[in-house]
Trainee: 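After the structure tokens below, expect a handful of questions from me.
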Amino acid sequence: MLRGKKIIVGVTAGIAAYKIPLFVRLLKKEGAEVQVVMTPFAKEFVTPLSLSVVSERPVLSGYYVKEDGSWLSHVELGLWGDAMIVAPLTANSMAKMAAGIADNFLLTAVLSARCPLFFAPTMDLDMFQHPTVSANIKKLQSFGYHYIEPEDGELASGLRGKGRMKEPEVLLKVLKDYFSAKQLFKGKKVMVSAGPTHEPIDPVRFIGNSSSGKMGIAIARAFAAEGAEVQLVMGPAGQDALFPGIHTTHVRTAAEMDKACKEIFPEVDMAVMAAAVADFTPEHPAGEKIKKSAAPEVIHLKPTRDILAGLGKMKRQNQLLIGFALETENELVHAREKLERKNLDMIVLNSLRDSGAGFGTDTNKVTLLTKSEGPKTFPLKSKEAVAMDILMAVKSLMEG
Ligand code: CTP
């Protein structure tokens, strides 16, 4: 799995750094090219000489000047890697990574990495339990970094508890699994729509809805983590997917979303349309801010284009189109009607009658319907877990 893969190994100043020469050796045995990058203080725990010998490359720590006199920049390194793993990762370097601080070569490489990034924190029990540490782990995960959880066991302080870095063999397995053919959507191109749309009344006011974009982002990330190239068309939800493998097109109105989706759709293998698109838009938005004294009694609305139905008409034989249905009554009847009318392969039904489902929450409860199969209802889950259920259902549509 790792033959020819270029792996950047970032080492920070944790005692577990003494295990990294063995990890590098295991990577080399698998046929990977390894570039070790160290923070200045990490050199107190393991020597650059040992790591250079096992990796067969000079270790980088400062700005490295190449034989031809040019320098290897962090940007170049960030583009070189197929994956970067920071192990061990101290609480200090983790906090800097979470804050975007770049005061050494390793941290600049982290900021410029365009490849998947794995991090293996290691620290003493009490430090690990501090709320800042958990918050930083969450933040790094929200950037799409893969968390390699420490284990319970004996710690350098003599205490026992959570904080030990996983053994080199386990770190190797994490990378091998990532690069294995297990990635369900490797080589596939996927479009995902997410968030609300804002329909202007005047330059400062709009009609919108409270969609947070969380469900669509979770779907986009799940596809990217499974190897797909993702085009995310994102309404103004105030958050970003920030994940390697996702290209985001930001739009504001239903008309802009329609245009972007229609441009992208012919290029993709499948589309999952999770956006909460406004059904109506003001017919004549005012060019200037409407004065209170001149407020209209009535705002005339006109229907927006149904983006999903438009894509249903454009759909080629080998493309899959998945829509959402947000219902409050007669859910299954309405969802099946939308599935047929919009020429979809699957519809994800959200009932607003289920608490914890729908807009703004971190959880969702869905029922999946396809043309050939009856409804499949899932329990209330995190939006990430719901995204995985949707991916598995799309995978079986693809296969059959
Ligand atoms: N949708 C769309 N364009 C619109 C409205 C909705 O692409 N102008 C898509 C949504 O992204 C979602 C699906 O259509 O995937 C269903 O949205 P929903 O609001 O449940 O249904 P509507 O088709 O708008 O019908 P109704 O409001 O009558 O329930």
Side-chain angles (χ1 to χ4, degrees), residues 190-200 206-220 223 230-237 249-265 268 270-283 301-315 319-354 357-360 364-371 375 383 386-387 389-391 393-394 397:
V190 183
M191 175 169 82
V192 178
S193 77
T197 64
H198 287 176
E199 309 302 321
F206 59 85
I207 297 175
N209 61 63
S210 52
S211 161
S212 61
K214 283 182 185 164
M215 192 64 246
I217 288 178
I219 293 170
F223 271 115
V230 181
Q231 291 276 355
L232 175 65
V233 181
M234 183 81 195
T249 304
H250 291 280
V251 295
R252 182 174 183 224
T253 62
E256 285 172 20
M257 188 174 274
D258 185 49
K259 186 168 177 285
C261 290
K262 283 188 179 142
E263 273 171 20
I264 295 168
F265 190 56
V268 298
M270 61 199 79
V272 182
M273 306 300 286
V277 187
D279 289 323
F280 296 95
T281 188
E283 197 164 13
L301 302 177
K302 62 176 183 186
T304 56
R305 276 210 194 118
D306 191 319
I307 305 169
L308 189 60
L311 299 181
K313 288 197 182 113
M314 292 167 66
K315 189 172 73 167
Q319 284 181 308
L320 292 175
L321 183 58
I322 293 96
F324 272 65
L326 185 65
E327 308 291 345
T328 55
E329 40 97 39
N330 263 337
E331 292 92 335
L332 283 174
V333 175
H334 286 145
R336 191 159 290 288
E337 183 274 322
K338 282 178 192 170
L339 178 79
E340 297 295 339
R341 177 167 50 86
K342 302 191 188 192
N343 189 24
L344 310 180
D345 299 284
M346 184 167 85
I347 196 151
V348 183
L349 166 64
N350 270 147
S351 172
L352 279 192
R353 281 203 279 186
D354 293 318
F359 286 175
N364 205 357
K365 184 171 182 332
V366 300
T367 300
L368 304 183
L369 278 101
T370 65
K371 279 187 179 153
K383 285 190 170 164
V386 172
D389 290 336
I390 294 172
L391 255 67
V394 174
L397 280 175

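Whatever order the structure lists ligands and atoms in, that order sets their numbers, starting from 1. Please read all numbers here as calculations on a predicted model, not as lab measurements.
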Trainee: If we only count N/O pairs under 3.5 Å, is Arg305 in contact with ligand 1?
Mentor: yes

Trainee: For ligand 1, is any non-hydrogen atom under 4.0 Å from Ala278's backbone (N, CA, C, O), its side chain (CB onward), both, or neither?
Mentor: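 Backbone only.
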
Trainee: Tell me, do Arg336 and Leu332 make a side-chain contact under 4.5 Å, heavy atoms counted?
Mentor: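 No, their side chains stay 4.5 Å or more apart.
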
Trainee: May I ask whether atom 19 (O) of ligand 1 is less than 4.0 Å from at least one protein heavy atom?
Mentor: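 So far as the 4.0 Å threshold goes, atom 19 (O) of ligand 1 is out of reach of every protein heavy atom.
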
Trainee: Could you walk me through whether Ile219 and Ile390 satisfy the side chain to side chain contact (heavy atoms under 4.5 Å, CB included) test, starting with their C-alpha distance in whole Å, then the side-chain angles of each, then the deciding distance to 0.1 Å, before giving a yes or no?
Mentor: CA-CA 8 Å; Ile219 293 170; Ile390 294 172; 3.9 Å; yes

Trainee: Side chain or backbone, does Lys342 bring an N or O within less than 3.5 Å of an N or O on ligand 1?
Mentor: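 Yes; the residue has a nitrogen or oxygen that sits under 3.5 Å from a nitrogen or oxygen of the ligand.
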
Trainee: Would you say Val277 has any N or O atom under 3.5 Å from an N or O of ligand 1, going by distance alone?
Mentor: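 In this structure, Val277 places no N or O atom under 3.5 Å from an N or O of ligand 1.
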
Trainee: Which atoms of ligand 1 are found less than 4.0 Å from any heavy atom of Leu326?
Mentor: 20 (O)

Trainee: Give the intermediate values and the outcome of side chain to side chain contact (heavy atoms under 4.5 Å, CB included) for residues Asp389 and Val366.
Mentor: CA-CA 9 Å; Asp389 290 336; Val366 300; 5.7 Å; no

Trainee: Would you mind reporting whether Glu256 and His250 have side-chain heavy atoms less than 4.5 Å apart?
Mentor: no

Trainee: Are the side chains of Lys338 and Phe324 in touch, meaning some heavy atoms are under 4.5 Å apart?
Mentor: no

Trainee: Answer yes or no: is there a side-chain heavy-atom contact under 4.5 Å between Ile207 and Leu301?
Mentor: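 Sidechains of Leu301 and Ile207: in contact.
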
Trainee: Does a side-chain heavy-atom distance below 4.5 Å link Glu199 with Phe280?
Mentor: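 A side-chain contact under 4.5 Å is absent here.
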
Trainee: Which residue holds the protein heavy atom closest to atom 21 (O) of ligand 1, what is that atom called, and what is the gap in Å?
Mentor: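 Minimum-distance protein heavy atom for atom 21 (O) of ligand 1 reads Lys338 NZ, 2.9 Å.
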
Trainee: To the nearest 0.1 Å, how far is atom 12 (C) of ligand 1 from its closest protein heavy atom, and which atom is that?
Mentor: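 Heavy-atom neighbour on the protein nearest atom 12 (C) of ligand 1: Phe324 O, 3.2 Å.
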
Trainee: Regarding ligand 1, does Gly323 bring an N or O atom to under 3.5 Å of one of the ligand's N or O atoms?
Mentor: no

Trainee: Quick one: are Met273 and Ile322 in side-chain contact, heavy atoms under 4.5 Å?
Mentor: no

Trainee: Side chain, backbone, both or neither: which part of Asp279 comes within less than 4.0 Å of ligand 1 when only heavy atoms are counted?
Mentor: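 It is the side chain that touches ligand 1; the backbone stays farther off.
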
Trainee: Is there a nitrogen or oxygen of Ala274 sitting under 3.5 Å from a nitrogen or oxygen of ligand 1?
Mentor: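 No, Ala274 has no N/O under 3.5 Å of an N/O on ligand 1.
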
Trainee: Could you tell me whether Leu308 and ligand 1 have an N or O pair separated by under 3.5 Å?
Mentor: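 In this structure, Leu308 places an N or O atom under 3.5 Å from an N or O of ligand 1.
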
Trainee: If you round to the nearest 0.5 Å, how far is CG of Leu308 from CD1 of Ile347?
Mentor: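 Rounded to the nearest 0.5 Å, the CD1-CG separation comes out at 7.0 Å.
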
Trainee: Among all protein heavy atoms in this structure, tell me which lies nearest to atom 3 (N) of ligand 1, with the distance rounded to 0.1 Å.
Mentor: Ile307 N, 3.0 Å

Trainee: Indicate yes or no: at least one non-hydrogen side-chain atom of Lys313 is less than 4.5 angstrom from one of Asn343.
Mentor: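 With C-beta onward as the side chain, the pair stays apart.
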
Trainee: Decide yes or no for Val348 and Met215: does some side-chain heavy atom of the first lie under 4.5 Å from some side-chain heavy atom of the second?
Mentor: no

Trainee: Under 4.0 Å from a heavy atom of Ala325: which atoms of ligand 1 are those, numbered in the order shown and with their elements?
Mentor: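 Per the distance check, 20 (O).
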
Trainee: State whether any protein heavy atom lies less than 4.0 Å from atom 28 (O) of ligand 1.
Mentor: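 No, no protein heavy atom sits under 4.0 Å from atom 28 (O) of ligand 1.
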
Trainee: Which of the numbered atoms in ligand 1 are under 4.0 angstrom from any heavy atom belonging to Thr304?
Mentor: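 What qualifies from ligand 1 is 8 (N).
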
Trainee: Before signing off on this row, confirm whether Ala275 and ligand 1 have an N or O atom pair separated by under 3.5 Å.
Mentor: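 The answer is yes, given that Ala275 and ligand 1 share an N or O pair closer than 3.5 Å.
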
